[in-house]
Engineer: 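What follows is a structure written as structure tokens; I'll ask about it next.
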Amino acid sequence: MTKAGFYFIGFGIGSIILNAIGYEFTILMWLGEGHGVRLAIAAIGVAMIIIDQTRIKEEEYPEEENQ
């Protein structure tokens with residue numbers, strides 16, 4: 001899920017940069033001129049990475065059960 005998160009961040013930030021110079025990713029052409037959806041795509045990517053890292057940490061250090 002971390003890899004997908006980095007792709008989302010790349011597409012979101014890359015789309016903002018490309019839109020500023022007059023280009024666009026083909027898959028994101030439907031977005032138009034606004035930056036809100038582009039930032040949301042990048043934010044979803046960040047959330048995916050944080051969730052995945054939290055899940056990995058919990059797998060490495062499971063909480064000890066009280067006996």
Side-chain angles (χ1 to χ4, degrees):
M1 194 156 82
T2 300
K3 189 174 184 179
F6 281 116
Y7 282 123
F8 271 68
I9 292 170
F11 276 120
I13 302 299
S15 180
I16 291 171
I17 294 169
L18 286 175
N19 191 320
I21 59 175
Y23 293 99
E24 187 59 79
F25 290 122
T26 304
I27 197 167
L28 299 177
M29 290 181 126
W30 59 273
L31 294 176
E33 294 295 320
H35 292 301
V37 176
R38 291 174 175 87
L39 290 173
I41 290 171
I44 290 169
V46 170
M48 290 172 70
I49 292 170
I50 291 170
I51 291 168
D52 193 48
Q53 294 302 316
T54 303
R55 182 182 56 83
I56 290 171
K57 186 182 283 186
E58 287 176 357
E59 288 176 1
E60 289 177 3
Y61 304 107
E63 293 183 22
E64 296 179 19
E65 295 181 19
N66 293 331
Q67 296 179 354

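Below, each value reflects all heavy atoms present in this structure, side chains not excepted, and no hydrogens, waters or symmetry copies.
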Engineer: Could you give all pairs that pass the ring-ring contact (aromatic ring centres under 6.0 Å, His included) test and reach residues 15-56, with sequence neighbours left out?
Structural biologist: Phe11-Phe25
Engineer: What residue pairs, at least two apart or across chains, pass salt bridge (Lys or Arg N to Asp or Glu O under 4.0 Å) with a residue in residues 6-20?
Structural biologist: none
Engineer: Nearest 0.5 Å, please: how far is CD1 in Ile41 from CD1 in Ile9?
Structural biologist: 12.0 Å
Engineer: Applying a strict under-4.5 Å side-chain criterion to I, L, V, M, F, W and Y, I'd like to know whether Val37 and Ile17 cluster together.
Structural biologist: no
Engineer: If the condition is side-chain hydrogen bond (donor to acceptor under 3.5 Å, both in side chains), which residues does Glu24 pass it with, not counting sequence neighbours?
Structural biologist: Ser15, Arg38
Engineer: Please indicate whether Ile27 has more than 12 foreign heavy atoms, meaning atoms of other residues, nucleotides or ligands, lying under 6.0 Å from its CD1.
Structural biologist: no
Engineer: Taking only residues at least two apart or on different chains, which pairs with a member in residues 4-14 satisfy salt bridge (Lys or Arg N to Asp or Glu O under 4.0 Å)?
Structural biologist: none
Engineer: Tell me, which pairs form a salt bridge (Lys or Arg N to Asp or Glu O under 4.0 Å) where one or both residues lie in residues 8-18, sequence neighbours left out?
Structural biologist: none
Engineer: Got a sec, which pairs hit salt bridge (Lys or Arg N to Asp or Glu O under 4.0 Å) with one end in residues 5-21, sequence neighbours left out?
Structural biologist: none
Engineer: Which donor-acceptor pairs under 3.5 Å do side chains of residues 42-50 form with protein atoms, sequence neighbours excluded?
Structural biologist:
none

Engineer: Could you list all the side-chain hydrogen bond (donor to acceptor under 3.5 Å, both in side chains) pairs where at least one residue sits in residues 39-51, not counting sequence neighbours?
Structural biologist: none
Engineer: How long is the straight-line distance from CZ of Phe8 back to NZ of Lys3, given to the nearest 0.5 Å?
Structural biologist: 14.0 Å
